[in-house]
Every structure is written in C-alpha cells, then in structure tokens.
Number of protein chains: 2
Amino acid sequence: MPRKLSAVDPLRLDNQICFAVYSAAHAFNRVYKPLLDRLGLTYPQYLVMLVLWERDDVPVKDIGEKLFLDSGTLTPLLKRLEAAHLVKRTRSSEDERQVLIALTPQGHALKEKARSVPQSILAASDCSVPELVAMKDEIVALRDRLNAVIGE
Amino acid sequence: MPRKLSAVDPLRLDNQICFAVYSAAHAFNRVYKPLLDRLGLTYPQYLVMLVLWERDDVPVKDIGEKLFLDSGTLTPLLKRLEAAHLVKRTRSSEDERQVLIALTPQGHALKEKARSVPQSILAASDCSVPELVAMKDEIVALRDRLNAVIGE
DNA sequence: TCACATTTAATTGTTCGCAATTGAATGTGC
DNA sequence: GCACATTCAATTGCGAACAATTAAATGTGA
C-alpha cells in the first residue's frame, strides 16, 4: 500500500515546523493575556520589564539585542511604558545618542505582582519542568542557527 | 558552592520557554522574508496560500481554524491577496453568511514557485529532518495543550 | 582640524493580531 | 410563523513588528 504523498509533502501546513512555532507563539500569547491584563502589560511590554528587572538603567539598544527587536518596535513601546509610569527615559550624558531606560518605583514594585505569572504558564503547559527546559534549549539552539544565517 | 539563584529564577528571560518560542518565530520570519519577497507574499499570506493549495474554495472560517486566526486578521489579508489577483472572494449561495475563498489561475501557478521554499528553510535550520519532525511534534503538542486551556 | 563613516533613536508607512462591536443570514423553540 | 439566539464576516481601534529613512552624536583617518 503506497504511502500518502501528503505525509511527506513539504508544502503541507502540518509538516512545517515554522507553523508549529508560529502557532505556539500565538497560543502562549493567548494564555499570557489574562495574566498580563492584571499587570496592565502586553506580552512584549512584559518582556521589556523582564529585561529591566534583571538590570536597570540600560540603553534601548541593549534591550533590543536581548529581545531581538529594533527601535521601530521599542521606541513606541517604551513611550507607552513611560506613559504608564513604569519606566523613565533619559538621554545618556556620556553618549548623547543613547537613551537609557530606568525603572520607576512603580516599575520595580510591579515585579512582585509578576511573580505568579511563570507558574500559571507552567500549569497551562501541562508539562514537567525538565521537559520544558529541554524543549526550550532545543528551540533556542534552532533560533540561534536561524539568526546566524540571517547575518550571512 | 551554592547554585546561583539566577539559574532557576522563573522570572529570568533566559529561563522562559515562551520567549524561546516567541524569538524563534521572529527568526523564522526573518529567514522566510527574502524567500517570500520573490513570491510577493508575507509569511501570514504564505500560510493562507498553503491552506488553499491543499484545498481550494473554502470559507474564511475554515482558514481561520487551521491557522488559529480570526476574521479581524483574515479579512484585510484576503483582500490584499485578492488585490494581488491570487484569490477570489465570493459569497456562498448556500449560506450567504459565508465568504468562499478560491484560487485564481495565478494563485494556483504560484505553488510551483513556492516549491523551493521549504528546502531553503531546512538548510537554514541546519538540522536533520528527523530532528525537526520530532521538535515540530513536541511544539504542536505543547501548543494544543495551551489552546485546550484557553477553551477552559 | 576636517571630511567621512558609524552608531543610535526616532519617524513613517505597511502589515499582522486581536478584542469588541456591528449587521446580515441562519437556526431554534414555542 | 415568530421571537430569539447563533453564526459568520466585516469593521474599528490599538499595539506590535519591521523596512527604510532621517538626524544627531560620536569615532576615524589623513
């Protein structure tokens, strides 16, 4: 009995890892949404806050490198975080080209409210921590290989 | 010697599988971009074309269910595909609420130009096919568990 | 010093992605 | 047959995401 061609058709949606990643990212976003609504953050804003909770007073460029985002995305996003009184934007005095992003007291305080988020995500994943760590490492390795190709 | 807390801190960016997925999706998008530019498609438009190349003349709702997208995303996207003469949008005569999406001859023809895309992605992934299939299956399973939680 | 390149954010314009709403068509329970 | 709910696409508004450009600050070489 001949194998169905569709099972190996490279143009089939179900065979594409990229669509798996794309749709998983959207699924994560939908799980995060109600959790982050309580913090008044969108998911990309939450990522920026994660960066700042690790290290404060960083240039826009550093945030961009960690999150793989450029100023076209970050500038308006950071302005919204500033409008929400979570960060302050100031030109660096050493290098006037740089804009340094610092947390406000409210920005610092929000970290406490965010502590419950990861475990909610873990529960929704319905997966053991070692399994998730293994998957994460594989996906990061794939991402880094893809990014290496982009730099040519 | 005590383990660094950061290695297990759930709020650390590097520990979050969701960020791995999010950033991998963007990396894929950047790899796809030059390939899809030659087809005159964006990545979401390419996904819609993949669906239509599998089965033609389908309602918007069916496309949305396969891609996990709603009409707010698909309606303008499909109008752009129609403006590019790749699809035709017609009201179903059986159920006037539905809009059926059908490929034009140009839309059908584009499939041939798209055949080289998957192997370019495979090359950029720098990964064996069995490995990619295994990763894809894991990610799809995770996505489906997340989507199950959303439906409560 | 001075011309030139580089770095850094900001800006503009296009396309997703989704929540919320609208309006038309269809299905249902009585 | 008729009120009612449901389904489906379209619309509106907002927040990413990114390409391309701009402008200012800084670095470099002759």
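Chain identifiers are assigned alphabetically (A, B, ...) following the order of the sequence lines, protein sequences preceding nucleic acid strands; residue numbering begins at 1 within each chain.
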>> Please tell me if B:Lys79 has a side-chain N or O lying less than 4.0 Å from either OP1 or OP2 of C:dC16.
In response: no

> Does A:Lys33 or A:Arg89 map to a spot on DNA chain C nearer the 5' end, using the closest nucleotide for each?
Replying inline: A:Arg89

> How many Å lie between CG on A:Asp70 and C1' on C:dG13, as a whole number?
Replying inline: 14 Å

>> Under 4.0 Å from OP1 or OP2 of D:dA24: is there any side-chain N or O of A:Gln98 that close?
In response: no

> CD of A:Glu65 versus C1' of C:dT7: gap in Å, rounded?
Replying inline: 12 Å

>> Tell me the interatomic distance from A:Leu69, atom CG, to D:dG15, atom P, rounded to whole angstroms.
In response: 17 Å

>> Ring-plane angle category for A:Phe19 and B:Phe68, please: parallel below 30°, perpendicular beyond 60°, tilted otherwise.
In response: parallel

> Given C:dC16, is OP1 or OP2 found less than 4.0 Å from the side-chain N or O atoms of B:Thr42?
Replying inline: yes

>> If you assign each of A:Asp95 and A:Thr73 to its closest nucleotide in DNA chain D, which residue comes earlier from the 5' end?
In response: A:Thr73

> Given atom CG of A:Leu77 and atom P of D:dC14, what is their separation to the nearest angstrom?
Replying inline: 16 Å

>> Between C1' on D:dA17 and OH on A:Tyr43, what's the gap in Å once rounded to a whole number?
In response: 15 Å

>> Of the options D:dA10, C:dT6, C:dC16, whose atoms approach the side-chain atoms of B:Arg91 most closely?
In response: D:dA10

>> What contact category does A:Ser71 fall into here, base, sugar-phosphate, or nothing, at under 4.0 angstrom with non-hydrogen atoms?
In response: base

> According to a strict under-4.0 Å criterion, is B:Thr75 in side-chain N/O contact with OP1 or OP2 of D:dA10?
Replying inline: yes

>> Let's see if you can work this out: which of C:dC18, D:dA24, D:dA17 has an atom nearest to the side-chain heavy atoms of A:His26?
In response: C:dC18

>> Considering every strand and a 4.0 Å limit on heavy-atom distances, what is the contact class for A:Leu74: base, sugar-phosphate, or nothing?
In response: nothing

> Does NZ in A:Lys88 sit with more than 12 non-hydrogen atoms of other residues, nucleotides or ligands closer than 6.0 Å?
Replying inline: no

> Does a side-chain N or O from B:Arg80 land closer than 4.0 Å to OP1 or OP2 of C:dC16, or not?
Replying inline: yes

> Would one find more than 12 heavy atoms of other residues, nucleotides or ligands at under 6.0 Å from atom NE2 of B:His85?
Replying inline: no

> Under a 4.0 Å N-O cut-off, is there an ion pair linking B:Glu112 with B:Arg115?
Replying inline: yes

>> Centre-to-centre under 6.0 Å for A:Tyr43 and B:Tyr22, is that the case here?
In response: yes

> For D:dA16, does OP1 or OP2 lie under 4.0 Å from any side-chain N or O of B:Tyr22?
Replying inline: no

>> Taking A:Lys66 first and then A:Asp62, would you say they form a salt bridge - that is, a charged N and a carboxylate O separated by under 4.0 Å?
In response: no

> When all nucleic acid strands are considered with a 4.0 Å heavy-atom cut-off, which category describes B:Asn29: base, sugar-phosphate, or nothing?
Replying inline: nothing

>> Can you work out whether B:Ser93 or A:Val99 has the more 5'-proximal nearest nucleotide on DNA chain C?
In response: A:Val99

> Could you give the CD-to-P distance, from A:Glu96 to D:dT26, as a whole number of Å?
Replying inline: 6 Å

> At under 4.0 Å between heavy atoms, what does B:Pro76 touch on the DNA or RNA strands: base, sugar-phosphate, or nothing?
Replying inline: nothing

>> Rounded to whole Å, please give me the gap between NZ in B:Lys61 and P in D:dA10.
In response: 14 Å

>> Quick check for you: among D:dA17, D:dA9, C:dC18, whose closest atom lies nearest to any side-chain atom of B:Pro59?
In response: D:dA9

> In whole angstrom, what separates B:Leu100's CG from D:dC8's P?
Replying inline: 12 Å

